[in-house]
Amino acid sequence: MGTALIYDEEMTKYKLLWVDPACKIEVPERLTVSYEALVRSGLSDRCVSIPPREATDAEILLAHSEEYLEAVKKTPYMTLEDLKEFTLQYGDVYFHPNIYHCAKLAAGSALQLVDSVMTGKVRNGIALVRPPGHHSMRSAANGFCVFNNVAIAAQYAKQKHGVKRVLIVDWDIHHGQGVQYCFEDDPRFNSSYSLRTCSRLNRLNILLIIFILVFYSVLYYSWHRYEHQKFWPNLRESDYDSVGKGNGAGFNVNVPWNKVGMENSDYLSIFCHVLLPVAYEFCPDLVLVCAGFDSAIGDPEGEMCATPDIFAHLTHLLMNLAGGKLCAVLEGGYNLTSLPQSVCQTVQTLLGDPLPQPAGLRSPCKSALESLQCVRSAHRRYWSFLKHAANQPSTDISTKRIKLANEEEGKTEMAVEERAAEIKEWPEPPERPSPPVRCASLLPEDVACPDGLKLFSSSKDLHPLLASKLQNGADDQDALITVSRLYAMIEKMLTNEIGSGLVLISDISAAMMGALQDLPSDLVDRVLVVCVGKEKDLNYLTTDGKMLFVQISDEDKEKEKNKYFIPVSLKKGCSDTAGFIQAVLGLLLPLAYEYDPTLVLLVRTPGSGVDDSMWQQLIGLLLGFAKGHTLVLMQTNEKVHVGPTASALLGRPAPPLLELQTLDQEDGEALERLRERLQTDWKMLQTTSEGTE
Ligand SMILES: NCCCNCCCCCC(=O)CS
Ligand SMILES: [Zn+2]
């Protein structure tokens with residue numbers, strides 16, 4: 001299944017017709033440079049091109065009032081003076097004779113995208129649109145936005161495709177207050193829907209429907225530059241304590257950035273410790289992304305320092321939700337260099353290409369950790385995955401908001417020119433070549449090679465790196481041959497001839513011993529070993545950092561842990577999906593980002609009890625590391641899992657996790673203790689600002 005690309009140059013045919021410093025950055029070139037970059041890089045040819053359409057009145061009314069729509073309808077016929085006059089009633093937005101047409105195309109593009117994904121025509125996709133949408137409100141244009149493209153798309157998905165749970169991720173650097181207002185009391189009883197439907201159905205169905213409380217829910221997640229309410233749109237309700245209202249409590253997640261200059265580490269740590277735990281627990285049927293790229297380095301609005309390749313990781317981390325059904329809709333993005341780079345990184349990931357190794361991660365900054373701690377404590381009562389979050393930080397950042405707001409009168413904004421002078425330089429995002437063999441397999445003769453995998457043929461003779469072992473009389477020839485072929489496969493991965501690998505062996509312990517015992521240093525720099533299930537002797541562990549060994553099992557080896565051996569114990573073992581996913585999101589992912597392995601070795605020991613959808617989720621997430629070089633080791637007697645494993649290694653989205661039971665209290669506390677102990681060594685595990693300078 002492919003990736004949809006929705007774009008039409010008609011949406012470049014409006015612009016600012018008068019002087020307005022606040023709006024001058026919203027230019028047609030934003031769209032042309034983005035589309036041209038996709039064409040130049042060959043990415044547009046790999047996408048399924050879907051034409052936009054105009055949203056109908058009824059569709060626009062899913063999120064806007066009649067009077068607003070009627071007013072906007074008049075703008076094509078206005079003189080320049082009338083347009084200026086009309087614009088004055090709204091904030092930081094401009095109108096143009098053709099903007100109504102383009103706004104209908106922008107909203108219609110989002111709907112075309114939803115249709116293409118929900119009907120299975122494509123797996124995922126992106127709509128490159130102007131004007132953006134997330135600031136526009138029920139009866140007001142705002143912040144360059146006329147119709148709320150993503151809010152309309154969410155309502156449309158629920159009404160037309162019966163989607164029950166929609167996750168909206170807004171990584172634009174501004175708060176999409178229009179989206180928040182639209183859904184903040186959602187979920188709610190959608191009485192209009194069922195009553196209208198009732199009128200057409202016979203009595204029996206009417207009775208049935210009346211008793212079905214139709215709970216739809218939309219979870220809105222947004223991070224945004226806030227600076228304690230000093231940054232536009234300066235709203236009190238953009239802060240972390242706006243968690244949603246009534247039945248909607250917990251379904252609105254705001255992450256305020258109170259400083260500029262946030263980097264890749266800050267973005268990834270918020271995804272791992274806030275968004276992903278909530279998103280996995282919410283278990284959406286569809287993911288919509290307010291894909292604004294003013295959160296990228298160089299943008300005059302955001303003034304952040306995250307590099308374009310970070311959007312490859314943000315996209316990837318969302319692609320295993322909702323069975324891969326992801327619709328990205330362009331919002332902001334005003335630097336005409338980082339915008340197209342970020343768009344290309346996003347599209348390349350939607351197409352399934354290997355990810356770049358995340359650029360130079362380091363500890364999240366203190367301000368990011370304060371925000372992280374505040375958001376987690378504000379939502380801890382709504383989400384079992386956040387239940388063990390720490391309290392509000394002592395230096396409560398809300399008091400800063402009040403103090404700074406008071407100072408506001410006296411202070412003048414630093415001139416935009418001064419700020420823009422600090423625009424940074426950043427490297428071109430790295431190439432992400434697809435290996436000729438996406439996934440190779442080493443299987444016993446009696447196991448059929450799953451389609452899409454290529455049998456790995458390695459030379460029969462011993463790998464030179466093993467010759468030394470032979471000299472000191474290694475006993476088991478077979479094991480040596482197996483290890484020799486493993487090394488050969490690893491070498492082919494590190495030269496990018498092979499992407500991932502699937503190896504079935506008769507005795508997994510022997511193979512791990514053989515392969516990991518004094519792992520040849522010129523074979524691999526840093527290998528992340530993820531061991532699912534128990535494994536008796538691990539005496540090949542090293543503490544020199546060449547190997548990071550993370551084990552998830554029902555064994556409590558807490559006391560044996562050290563910086564490079566991290567045993568996660570779940571009372572009910574790996575079959576406890578809630579505990580497992582919590583360990584993966586809150587521990588394994590941050591560790592893996594900080595460790596930045598060149599190879600991932602994923603070992604499934606017999607009897608681990610991990611269920612296949614969880615296993616596929618794990619593989620999907622691990623493929624984001626080491627440029628997709630994940631080698632899976634399984635025991636031959638577990639060959640029944642070869643199919644799902646191969647599917648995940650080929651980049652096919654994992655099925656949604658079944659409704660997660662809540663996280664076991666003791667496991668949750670143990671995980672939290674483990675994370676707290678490890679965070680001095682591993683900065684990406686921090687979730688509070690305590691202890692940071
Ligand atoms: N009134 C002082 C300066 C106001 N600047 C407003 C900028 C609006 C940006 C909206 C946007 O980027 C949508 S994604
Ligand atoms: Zn924005």
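Every number for a ligand or one of its atoms is a count from 1 in the order of the listing.
- Atom OD2 is the N/O/S atom of D294 found closest to the Zn ion (ligand 2).
- Side-chain atoms of E331 and N149 include no donor-acceptor pair closer than 3.5 Å.
- Relative orientation of the Y35 and Y7 rings is parallel, given thresholds of 30° and 60° on the angle between their planes.
- The residues R225 and D299 are annotated as not salt-bridged, no charged nitrogen and carboxylate oxygen being separated by less than 4.0 angstrom.
- Under 2.8 Å from the Zn ion (ligand 2) lies no N/O/S atom of E301, from backbone or side chain alike.
- Among heteroatoms of the N, O or S kind in D172, OD1 lies nearest the Zn ion (ligand 2).
- Its N, O or S atom nearest to the Zn ion (ligand 2) is what matters here, and for H174 that atom is ND1.
- No donor-acceptor distance shorter than 3.5 angstrom exists from the side chain of T12 to the backbone of P28, with no hydrogens or angles considered.
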Provide, line by line, the atom pairs where ligand 1 and the protein bring an N/O atom each to a distance under 3.5 Å; else say none.
unit_1, atom_1, unit_2, atom_2, d
ligand 1, 12 (O), H174, ND1, 3.2
ligand 1, 12 (O), Y334, OH, 2.7

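- Heavy-atom contacts from other residues, nucleotides or ligands closer than 6.0 Å to NZ of K15 number 12 or fewer.
- Among the backbone and side-chain atoms of E331, no N/O/S atom is found under 2.8 Å from the Zn ion (ligand 2).
- Between E70 and K74 there is no salt bridge, since no side-chain nitrogen of the basic residue lies less than 4.0 Å from a carboxylate oxygen of the acidic one.
- Backbone or side-chain N, O or S atoms of H135 do not reach the Zn ion (ligand 2) at under 2.8 Å.
- The aromatic rings of H379 and Y382 sit perpendicular to each other, their planes meeting at more than 60°, with 30° as the lower class boundary.
- Under the 4.0 Å criterion applied to side-chain N and carboxylate O atoms, R236 and D241 are assigned as salt-bridge partners.
- The local environment of CD in E66 is sparse, with at most 12 non-hydrogen atoms from other residues, nucleotides or ligands closer than 6.0 Å.
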